[in-house]
Amino acid sequence: MPDQSDTPFFEVSWRRAWQALGLALPQDAVLHDLTHAYSEEQRHYHTLQHLRETLALLEPVLPMCRSPGAVELALWFHDAVYDPKAKDNEALSADWAVRVLRGQGAFEALCAQVERLILATQHSAEPGDPDARLLVDVDLSILAAEPARFAEYEKQVREEYAWVPKPLFVIKRREVLRSFAHRPFIYGTEHFRALLEARARKNLEKALSWF
């Protein structure tokens, strides 16, 4: 569950997203279930800490979004389902978001939009949609974290994959980090490229030296 001091922050973001969509706020149980999901014991990085960090980074750039409510809600749900042994986390997270949206009377076009945004956080390809690029950049902002937070992030990722033998984890983690380092640009928007690109590359270079 959220730290008590974080509760107002989360509530403001949650209400803002639904207001921007022009939809009634869901029952309190929806927010409760969602924050509870981010607090599950198998999570170490994909937690309320990650959600708070990304929502805080998104807030000042919401005016840059074509559909700010859809982007903010997609960010809320992008890791709603997280099993480190599964391959369909984003798809199941999108399904959850769509169920909630339909329950609030959302049009299918909006449901499809939020679904596409969440699926973009699979990071399998650079998104073409401007809102998706913003969302993905926010999700990848951890790569440009300050050194202490970045080291904590790497530790958290290892904890989520504690069931993977260390030699195999090292191989796979190196592949992931190299996939980002070898991109022409890590961030897809000019805003986050200017803000985060240089620091992310320094962090990736350092992290790859650990492996």
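Computed from a predicted structure; not experimentally measured.
Defined by atom type and a distance below 3.5 Å, a donor-acceptor pair is missing between the side-chain atoms of Thr121 and Asp139. For the residue pair Glu72/Ser13, the side-chain donor-acceptor check at 3.5 Å is satisfied.
Atoms CZ and OG, from Arg183 and Ser179 in turn, are 6.0 Å apart once rounded to the nearest 0.5 Å. Atom CG in Leu177 sits 13.5 Å away from atom NZ in Lys206 (nearest 0.5 Å). The CG atom of Leu73 lies 12.0 Å from the OG atom of Ser67; values are rounded to the nearest 0.5 Å. Separation of atoms CG (Leu51) and CG (Leu58) is listed at 10.5 Å; rounding is to 0.5 Å. Distance check, rounded to the nearest 0.5 Å: CD of Gln156 to NE2 of His50 gives 10.5 Å. Taking CZ from Phe10 and CZ from Arg15, the interatomic distance works out to 15.0 Å, rounded to the nearest 0.5 Å.
In the hydrophobic cluster analysis, where Ile, Leu, Val, Met, Phe, Trp and Tyr join through side-chain heavy atoms closer than 4.5 angstrom, Val157 is grouped together with Val176. Residues Trp210 and Phe169 are members of one and the same hydrophobic cluster, defined by side-chain heavy-atom contacts under 4.5 angstrom among Ile, Leu, Val, Met, Phe, Trp and Tyr. Cluster annotation: Val98 is not connected to Ile118 through the hydrophobic network of ILVMFWY side chains, with a link wherever side-chain heavy atoms come within less than 4.5 Å. Hydrophobic clustering (ILVMFWY, side-chain heavy atoms < 4.5 Å, transitive): Val61 and Leu135 are in one cluster. Under the 4.5 Å side-chain heavy-atom criterion for grouping Ile, Leu, Val, Met, Phe, Trp and Tyr, Leu57 is connected to Val136 within one hydrophobic cluster.
Aromatic ring orientation, Trp18 versus Trp14: perpendicular (interplanar angle above 60°, classes split at 30° and 60°). Ring geometry for Phe150 versus Tyr153: interplanar angle of 30 to 60°, hence tilted. Relative orientation of the His78 and Tyr38 rings is tilted, given thresholds of 30° and 60° on the angle between their planes.
The shortest side-chain heavy-atom distance between Leu140 and Leu196 does not fall under the 4.5 Å cut-off. Contact of the Glu175 side chain with the Ile171 side chain is registered, since non-hydrogen atoms from C-beta on lie closer than 4.5 Å. Annotation: side chain of Ser141 is not in contact with side chain of Phe192 (no heavy-atom distance under 4.5 Å). At a threshold of 4.5 Å between non-hydrogen side-chain atoms, the residues Leu75 and Leu55 count as touching. The shortest side-chain heavy-atom distance between Gln104 and Leu21 does not fall under the 4.5 Å cut-off. Ile186 has its side chain within reach of Leu204: a pair of non-hydrogen atoms, C-beta onward, lies under 4.5 Å apart. Side chains of Val114 and Phe77 form no contact here, defined as non-hydrogen atoms less than 4.5 Å apart. Residues Asp137 and Leu134 are not in side-chain contact: their nearest non-hydrogen atoms beyond the backbone lie 4.5 Å or more apart.
We find that Glu197 and Arg201 are joined by a salt bridge, their nearest charged nitrogen and carboxylate oxygen being less than 4.0 Å apart. Using a cutoff of 4.0 Å between basic side-chain nitrogens and carboxylate oxygens, Lys155 and Glu159 are scored as salt-bridged. Under the 4.0 Å criterion applied to side-chain N and carboxylate O atoms, Glu152 and Arg149 are assigned as salt-bridge partners.
Annotation: Glu190, atom CD; neighbour count of heavy atoms from other residues, nucleotides and ligands within 6.0 Å does not exceed 12. No more than 12 heavy-atom neighbours from other residues, nucleotides or ligands sit within 6.0 angstrom of CD on Gln19.
Although no hydrogens or angles enter the test, the distance criterion places no donor-acceptor pair under 3.5 Å between the side chain of Arg43 and the main chain of Leu48. With Asn203 contributing its side chain and Leu143 its backbone, the two residues share a donor-acceptor pair below 3.5 Å.
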Could you walk me through whether Arg173 and Arg158 pass side-chain contact (heavy atoms from CB on, under 4.5 Å), step by step? CA-CA 9 Å; Arg173 187 61 182 160; Arg158 179 63 183 121; over 6 Å; no

Derivation and outcome, side-chain contact (heavy atoms from CB on, under 4.5 Å), residues His46 and Glu40: CA-CA 9 Å; His46 296 86; Glu40 293 165 339; over 6 Å; no

Worked check of side-chain contact (heavy atoms from CB on, under 4.5 Å) between Glu160 and Gln42: CA-CA 6 Å; Glu160 287 187 343; Gln42 79 276 12; over 6 Å; no

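Heavy-atom minimum distance, Asp129 versus Ala132: OD2-N, 2.9 Å.
Screening residues 102-140 for ring pair (Phe, Tyr, Trp, His ring centres under 6.0 Å) gives no qualifying pairs among residues at least two apart or on separate chains.
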